[in-house]
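Here the structure is laid out as structure tokens; the discussion comes afterwards.
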Number of protein chains: 2
Amino acid sequence: VNARPPVDFWFDFSSPYSYIASEWVEAVAARHGRAVRWHAILLGATFQAAGLKPPIDYALKREYSIADFERSARFEGVPYALPPQFPVATQNAARVFWWLASRDTAEAARWAHAGLRAYFTRGVALHEPAALRVLCAESGLDADAAEAAWNDPQWKLRLKAENEAAVAAGVFGAPTFGIDGELFWGNDRKPQIERWLASGPF
Amino acid sequence: VNARPPVDFWFDFSSPYSYIASEWVEAVAARHGRAVRWHAILLGATFQAAGLKPPIDYALKREYSIADFERSARFEGVPYALPPQFPVATQNAARVFWWLASRDTAEAARWAHAGLRAYFTRGVALHEPAALRVLCAESGLDADAAEAAWNDPQWKLRLKAENEAAVAAGVFGAPTFGIDGELFWGNDRKPQIERWLASGPF
């Protein structure tokens with residue numbers, strides 16, 4: 001097999017555009033013979049590094065952004081509901097991701113989907129340990145082991161290192177896609193990503 | 001004729017994504033029986049109202065943004081070169097726009113194209129009165145009359161009023177498109193705009 005390099009996909013569990021993109025990135029990549037390499041990060045860390053704030057923190061952008069999340073989900077045919085609590089702290093969900101990724105990247109990707117879908121279709125409070133434990137169990141994980149992982153300094157440090165690696169790679173927002181050394185920021189870069197995957201650099 | 005409402009198009013003469021969108025907005029609108037209603041605004045005014053800064057003011061976003069301007073232009077097949085002086089103050093070019101629009105909106109749209117193309121393909125320094133006078137003459141305008149217009153309190157006030165009207169309409173960045181009461185922000189909303197124009201709200 002002449003394996004083509006994977007598509008890197010940086011996401012935050014609390015990012016609506018990350019969720020929307022997470023629903024098409026694997027199909028788009030697969031259509032062009034690529035796998036997806038998932039990276040759970042904390043937007044709070046990249047925002048802090050970049051001196052940025054989330055769009056809904058700007059009064060004039062807030063209403064537009066909330067409407068655009070929904071419209072962009074409808075545009076992609078992705079079920080979506082603004083969670084009652086938004087945004088939320090996602091470090092526990094992200095640590096579970098890296099704990100799983102250390103043994104099985106496919107299992108980590110399944111957890112990424114489970115967490116993003118739970119939050120953005122059912123409003124599951126990912127920041128609340130009790131709700132996260134229930135989601136882990138629903139997802140076939142050992143909730144005790146998952147909770148131990150998100151409290152374990154090993155996975156806290158791993159997530160911190162992954163945030164730093166993302167910033168070092170030039171990531172300042174989510175979703176960000178890395179393809180053949182080129183970065184694409186935003187769910188709305190889908191047409192450019194599709195062209196790049198189909199016919200190379202343009 | 002069963003006239004459909006026009007597409008409102010807010011732009012700034014110094015905005016790369018406005019320039020790129022200005023090269024496709026008329027063709028896309030015309031394909032769906034719509035005219036384009038152009039609005040020259042100052043991003044500085046909407047940024048100030050919204051508490052925002054341009055993307056290149058953020059260190060981590062700067063390199064990506066400059067590369068993304070170029071890549072997005074190539075993606076649309078639009079000639080583009082980052083101007084040697086970027087961004088520049090565009091109030092004089094915008095006042096000329098509103099002066100022309102008061103007598104002929106088509107002439108104002110031609111001026112919009114002339115200014116955007118001059119700045120983003122030849123680096124013409126729109127903020128320098130001498131360069132702007134040359135551009136006016138090249139564009140078939142009376143340079144003395146144009147300079148009188150950009151120094152005239154009437155057109156200064158008109159531009160100020162147009163900036164305020166844009167902010168009141170929910171505009172916080174450029175390009176912004178208004179279609180049937182719906183706002184779309186960004187050159188990258190083109191696929192959503194095309195779907196809306198083709199088949200209505202989604």
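In what follows, every chain begins at residue 1, and chains take the letters A, B, ... in the order their sequences are listed. Treat the numbers as computed from the prediction; the structure is a model and nothing was measured.
- Only the side chain of B:Phe172 comes within less than 4.5 Å of a heavy atom of chain A; its backbone N, CA, C and O stay farther away.
- For the set B:Gly173, B:Ala67, B:Ser72, the entry with the most heavy-atom pairs within less than 4.5 Å of chain A is B:Ser72.
- Between atom CG of residue B:Asp68 and atom CH2 of residue A:Trp185 there is a gap of 8.5 Å, rounded to the nearest 0.5 Å.
- At a 4.5 Å heavy-atom cutoff, the contact between B:Arg71 and chain A is made by backbone and side-chain atoms alike.
- Here the closest heavy-atom approach between residue B:Arg74 and residue A:Phe202 is recorded as NE-O, 2.8 Å.
- No more than 12 heavy-atom neighbours from other residues, nucleotides or ligands sit within 6.0 angstrom of CD on A:Glu63.
- Interface check for chain A: of the options B:Glu182, B:Arg189, B:Lys190, the most heavy-atom pairs under 4.5 Å are formed by B:Arg189.
- Comparing A:Gly170, A:Gly186, A:Pro191 by heavy-atom pairs within less than 4.5 Å of chain B, the highest count is held by A:Pro191.
- Counting heavy atoms of neighbouring residues, nucleotides and ligands inside a 6.0 Å radius, atom CD of B:Glu128 exceeds 12 of them.
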